Amino acid sequence: MLRNPIPVPRLNDVARPNEEIEALLNEYADLLSITGGDAFKARAYEKAARAIGGYPEDVSRLDDKKLREIPNVGKSIADKVAEFLRTGHLKVLDERRTAIPAGVRELITIPTLGPKKAMQLHRELGIASVDALVKAIEGDELRGLKGFGPKTADNILHGVELMQQAGDRILLSAATDIAEETVAALREATGCDPEHCVYAGSLRRMRETIGDIDLLVASEDPASVMDAFIALPHTAEVIAHGEKKTSVRTVKGLQLDLRVLPPASFGAGLQYFTGSQAHNIRTREIAVRKGLKLSEYGLFHAKSGRRKAAATEEEVYAALGLPWIPPTLREDRGEVAAGLAGELPRLVTEDDLRGDLHTHTDLTDGLSSLEDMVATAAARGYAYYAVTDHAPKLSMQRMTDEKILAQREQLRALAGRYKKMRLLHGTELNIGPDGDVDWPGEFLAGFDLCVASIHSHFTLDRAAQTRRLIRACENPYVAVIGHPTTRQIGRRPPIDADLDAVFAACARTGTALEVNSHPHRLDLNDELILRARHHGAVFAIDSDAHSTTHLAHTRYGVGTAQRGWLTPDEVINTWTWQRLKSFLAKKRKSA
DNA sequence: CCCCGACTGGGGAGCAAGTATGCACTTGC
């Protein structure tokens, strides 16, 4: 079931049509499954939504015939897409929306609460929002309702809590899209200097979720910029509108703050509004000790009030005796001390990545063909690229020995076309409850590289989870542990395991830990990367792409890796193929 | 609803886990 519990705000008329239609079709599928009837129909809409969301071409530019060439899009759905593109509405969806309150759809975003139970709650108790459900549980109103025992109530409350941890925050990827679109629009505004129009805040630091978006513009003409900002089509409500700061809430409820500064203060403002607050407190302490005062307008001599630095961040940091500190490090995790000591890490960047070691094709649950995935990878300039489709134990994917061996032949045949990129044939193995994987060693030896991940039995106890992960590390053919904690932001908690023991096992056995770049995963996250580093483990920043468009998700993985202080030397897919090859070979020797 | 292989209709994944219930249903993968 494709759901998105975290509201993904979109600008009305600048959102990518593919994503807008994906959301619409998903909503329709949800409403179909709530009202019951043909389950396959709802599934068909979900599949089409996914296919359109991941489709590389802008669907608004496709005619009816081309629309129907998208896999899982037939006549009916193509007609609906065309209807939406033409009219901005979908009649059948509007009808369903009238019949089912939005809050009922919201209910099925609670983990463990599906369409059947949501509809039952609505039908029998008139519950039409998450809040109303929580109140009903707390008021013991579910007692006697068929299918809702005490455990179910507990699970619902726990699920709601999980959702609320993500709170009103949205995913890094969604916030990035909105911020980039808004910045692009503001750069066109009268009085805006395009060179000094950026986003700051937690988004610039690349936190995994974002509460609101801070925008920063240097201008001598603030009023014009503010007016242009308010006039953007996504604005639903103007919260504050002043000379220096304007805040709006978008149609999807996301807050955007715009601050306009004099050009001479831009660097100080950027430093200040990037944060984090804890980092700013550190830098201010240094300023105070030097007899200086740091604010969003600049670094000043405390006594004379004379400005010492303000135009660029580099200047401000330099005047404090610090090198420029990358925003992803500004969390008060020792970056100021490291900067003072001249020991800031040389962080891994997207340019450092020489390949992607975890990707899928339409042989399993991917949306793009092997040829398309490989061509897109080559266009990214990779030196090597691994195709790692799901292994048989994830039975929903229906993988067989024959299919994966046929894919290997196909890949080898393709290799001749790519002189600069080495194609690797791999698989994403399933780590069973005991730590076993799908195939025996002799079959695994045929792969160039194996990722191994947990896809089931998420609730084993701590000892069992730890044991299974360590056993997977000890498998000589497992090169990478994929999305090690299996958490999904706002959806699923991480498994309970003694991760320090697992990290130590990775370091000992020469197994890389994945930094999965999928915006819903970002797994390992920054804090766990920092912990794993201490054990001497190495990492792989992978896209886990299920579509050609997902290969670019590595930007979020790289941001997360930077927040974990990773250098290229610690990331195996920045290495040359020669070095990576010997890394893989060394572990296999233990077989 | 889509796809496929047929030509008008059938199949689409199918199981594990958990809970409530008394052997069934829902959820999630």
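Quantities reported herein were computed from a predicted structural model and do not represent experimental measurements.
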Side chain of K80(A) (C-beta onward), nearest among dA13(B), dT27(B), dC1(B): dC1(B)
Please answer whether dG12(B) and F40(A) are stacked, defined here as ring centres separated by less than 5.5 Å and planes angled under 30°. yes
Is there side-chain contact between H546(A) and T364(A), with at least one heavy-atom pair below 4.5 Å? no
Report yes if at least one side-chain N or O of T152(A) is closer than 4.0 Å to OP1 or OP2 of dG18(B); otherwise report no. no
Take atom C1' in dC23(B) and the same atom in dG18(B), then report the distance between them in whole Å. 14 Å
Using the C1' atom as the reference point in each nucleotide, state the distance between dC7(B) and dG14(B) in Å, no decimals. 31 Å
Please determine whether a side-chain nitrogen or oxygen atom of T459(A) lies at a distance below 4.0 Å from atom OP1 or OP2 of dA17(B). no
Check every atom of dC2(B), dC29(B), dA20(B) against the side chain of P150(A) and return the nucleotide holding the closest atom. dA20(B)
Atom CD1 of I156(A) and atom P of dA20(B): how far apart are they, to the nearest Å? 10 Å
Rounded to whole Å, CZ of F148(A) lies from P of dA20(B) at a distance of 10 Å
Face-on cation placement of R492(A) at F458(A) ring, 6.0 Å and 45° thresholds: yes
Between dA16(B) and dG10(B), how many Å separate the two C1' atoms, rounded to a whole number? 28 Å
Identify which nucleotide among dA17(B), dT21(B), dC1(B) has an atom closest to any side-chain atom of K146(A), counting heavy atoms from C-beta outward. dT21(B)
Could you measure between the two P atoms, the one in dA20(B) and the one in dG28(B), and give it in whole Å? 15 Å
Taking all atoms of both residues into account, what is the closest heavy-atom pair of M399(A) and P392(A), and its distance? O-CB, 3.6 Å
Taking only the side-chain nitrogens and oxygens of H457(A), find out if one of them lies under 4.0 Å from OP1 or OP2 of dA16(B). no
Taking V73(A)'s backbone N and O only, do any of them form a donor-acceptor pair with R68(A)'s side chain (distance below 3.5 Å, no angle check)? no
Expressed in angstrom and rounded to an integer, what is the separation of R43(A) atom CZ from dC2(B) atom P? 14 Å
Quick note, A44(A) side chain, CB onward, closest among dT26(B), dC2(B), dC29(B) is dC2(B)
Considering only atom P, compute the distance from dA13(B) to dC2(B) and round it to an integer number of Å. 16 Å
Starting the side chain at C-beta, find the nucleotide from dT19(B), dA13(B), dG12(B) nearest to N155(A). dT19(B)
Can you tell me which nucleotide in dT26(B), dC1(B), dC29(B) comes closest to the side chain of K41(A)? dC1(B)
Is the charged tip of R533(A) near the ring of F539(A): under 6.0 Å from the six-membered ring centre and within 45° of its axis? no
In whole Å, what is the span from the NZ atom of K151(A) to the C1' atom of dT27(B)? 15 Å
Separation of dA17(B) atom P from F458(A) atom CZ, nearest Å, is 12 Å
Test for a donor-acceptor pair under 3.5 Å between the base of dC2(B) and the side chain of N72(A), counting only N and O atoms. no
Pairwise C1' distance, dC15(B) and dG9(B) [rounded to whole Å]: 28 Å
Output the rounded distance in Å from CE (M399(A)) to C1' (dA13(B)). 15 Å
Contact class for S456(A) vs. all strands (heavy atom < 4.0 Å): base, sugar-phosphate, or nothing? nothing
Nearest-neighbour nucleotide for the K116(A) side chain, dT26(B), dA20(B), dC1(B) considered: dT26(B)
Rounded interatomic separation in angstrom, taking CG from D434(A) and P from dA16(B): 15 Å
By the 4.0 Å heavy-atom rule, please label R492(A) as base, sugar-phosphate, or nothing. sugar-phosphate
Choosing from dG18(B), dC1(B), dT27(B), which nucleotide comes nearest the side chain of I77(A)? dC1(B)
Say we look at dT26(B) and dT21(B): how far apart would their C1' atoms be, to the nearest angstrom? 13 Å
Examine F447(A) together with W439(A) and report whether their ring centres are nearer than 6.0 Å. yes
Could you check whether the rings of H455(A) and H483(A) sit parallel, tilted or perpendicular, using 30° and 60° as the cut-offs? perpendicular
Rounding to a whole Å, what distance do you find between L32(A):CG and dC2(B):C1'? 14 Å
